[in-house]
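Okay, so here's the structure we're looking at.
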Amino acid sequence: MPSENDGIMVILSSPSGAGKTTLINLLSKQNNFKISISHTTRQPRPNETPNKDYYFINDDEFKRLIKNQEFLEYAKVFNNYYGTSRTPVIDKLDKGKNVLFDIDWQGADQIKNKNLDYKLISFFILPPSKEILFERLSNRDMKDKLIVEERMKQFERDVLHWINYDYVVINDNLDECYSKISNLINAEINNGSKDYDPEFVRRHIEKLTS
Ligand code: ADP
Ligand code: 5GP
């Protein structure tokens with residue numbers, strides 16, 4: 001059983017571009033929340049800082065970490081490897097810090113299946129519409145139209161994984177979405193009442209997938 005003093009694990013997943021990195025950065029400003037920094041074999045984006053946004057490593061190094069069983073979870077996403085190393089996460093949780101994970105559905109499944117002794121809350125973030133997702137991806141990955149196209153195609157497959165998450169939240173207005181997630185985390189921690197409408201979510205998913 002998780003001890004009252006342990007931190008909790010908060011996973012945010014989403015189709016690429018829906019805003020989970022932005023939301024995790026906001027959530028991490030709250031006292032006691034720490035981001036789990038992943039390893040990846042992909043190249044850094046111009047605005048990314050090594051060892052802060054990701055540990056950028058090559059394929060050989062990634063394979064070495066797999067072999068040494070250093071990952072809590074890892075997965076191949078868009079032709080690159082991504083993984084969460086176990087020790088820093090467990091250290092933080094044991095010290096009572098809440099850990100934020102920006103990982104895909106494969107990683108979320110792996111962590112859930114481990115049934116660790118820490119409370120876990122999972123969120124799936126959705127864009128308000130496919131048009132707005134396209135706009136956000138185009139603004140972010142301006143130089144690379146191919147990446148935008150690839151990620152829009154992947155959206156159709158990724159969105160289907162919403163069903164395995166505790167909460168699905170729509171990132172239309174950033175502040176409102178942040179408050180929604182923050183309130184749900186607080187309600188989960190304090191056993192408070194939750195402002196969550198599964199029917200609204202279901203209708204939104206129907207709209208996105210029709
Ligand atoms: P993800 O991590 O899910 O791939 P990002 O957090 O990188 O997505 O967000 C994709 C882009 O959309 C970024 O340029 C970000 O600044 C922007 N963005 C995120 N949330 C919103 C929002 N609510 N309104 C407008 N733009 C947003
Ligand atoms: P990006 O390249 O846009 O930063 O991330 C691409 C995808 O990889 C996103 O869905 C992100 O959540 C996921 N991702 C990032 N780090 C990890 C990780 O450590 N493990 C897993 N499974 N996915 C990750």
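The first residue of the sequence shown is numbered 1, and numbering continues consecutively from there. Every number for a ligand or one of its atoms is a count from 1 in the order of the listing.
For a threshold of 3.5 Å applied to N or O pairs, the pair formed by Asn173 and ligand 1 contains no separation below that value. The shortest N or O to N or O distance between Asp102 and ligand 1 is not below 3.5 Å.
Applying the side-chain contact (heavy atoms from CB on, under 4.5 Å) test to Ser36 and every residue at least two apart in sequence or in another chain returns Thr84, Val89, Val99, Phe101.
Ranking the protein heavy atoms by distance from atom 8 (O) of ligand 1 puts Gly19 N, 3.1 Å first. Closest to atom 2 (O) of ligand 1, if we only count protein heavy atoms, is Thr21 OG1, 2.4 Å. In terms of protein heavy-atom proximity, atom 10 (C) of ligand 1 is closest to Gly17 O, 3.6 Å. Taking atom 14 (O) of ligand 1 as the reference point, the nearest protein heavy-atom neighbour is Arg140 CB, 3.8 Å. Here the protein heavy atom with the shortest distance to atom 27 (C) of ligand 1 is Arg136 NE, 3.6 Å.
The NZ atom of Lys34 lies 12.5 Å from the CG atom of Leu93; values are rounded to the nearest 0.5 Å. Residue Arg151 holds its CZ atom at 7.5 Å from CG of Leu137, rounded to the nearest 0.5 Å.
Sparse packing is recorded around CG of Asp195, with 12 or fewer heavy atoms of other residues, nucleotides or ligands lying under 6.0 Å away. Atom CZ of Arg45 is surrounded by more than 12 heavy atoms from other residues, nucleotides or ligands within 6.0 Å.
Per-residue contacts place Ser14 under 4.0 angstrom from the following atoms of ligand 1 (heavy atoms of the residue considered): 3 (O). Here is the list of ligand 1 atoms found below 4.0 Å of a heavy atom in Ser16: 4 (O). When each atom of ligand 1 is checked for a heavy atom of Thr22 under 4.0 Å away, the hits are 5 (P), 6 (O), 9 (O), 15 (C), 19 (C).
Residues with a heavy atom under 4.0 Å from ligand 2: Lys20, Ser38, Arg42, Arg45, Tyr54, Glu73, Ala75, Val77, Tyr82, Gly83, Thr84, Asp102, Ile103, Asp104, Gly107, Arg151.
You'll find the side chain of Ser16 stays beyond 4.5 Å of the side chain of Arg136, heavy atoms only.
Listed by first and then second residue, the ring-ring contact (aromatic ring centres under 6.0 Å, His included) pairs that reach into residues 65-85 are His39-Phe71, Tyr54-Tyr82, Phe62-Phe71, Phe62-Tyr81, Phe71-Tyr74, sequence neighbours excluded. The ring-ring contact (aromatic ring centres under 6.0 Å, His included) pairs that include a residue from residues 162-183 are Phe123-Tyr167, Phe124-Tyr165, Tyr167-Tyr196, where partners are two or more places apart or lie in different chains.
The existence of a salt bridge linking Glu48 and Arg42 is confirmed by a sub-4.0 Å separation between a basic side-chain nitrogen and an acidic carboxylate oxygen. Between Arg203 and Glu206 there is no salt bridge, since no side-chain nitrogen of the basic residue lies less than 4.0 Å from a carboxylate oxygen of the acidic one.
By the 4.0 Å heavy-atom criterion, Asn171 is counted among the residues contacting ligand 1. Within the structure, ligand 1 has Asp172 among the residues with a heavy atom less than 4.0 angstrom away.
Considering every non-hydrogen atom in both Ser14 and Ile125, the closest pair reads CB-O, 3.0 Å.
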Just do the salt bridge (charged side-chain N to carboxylate O under 4.0 Å, His left out) check on Arg86 and Glu70 with the steps written out, would you? CA-CA 6 Å; Arg86 176 193 311 269; Glu70 293 197 25; over 6 Å; no
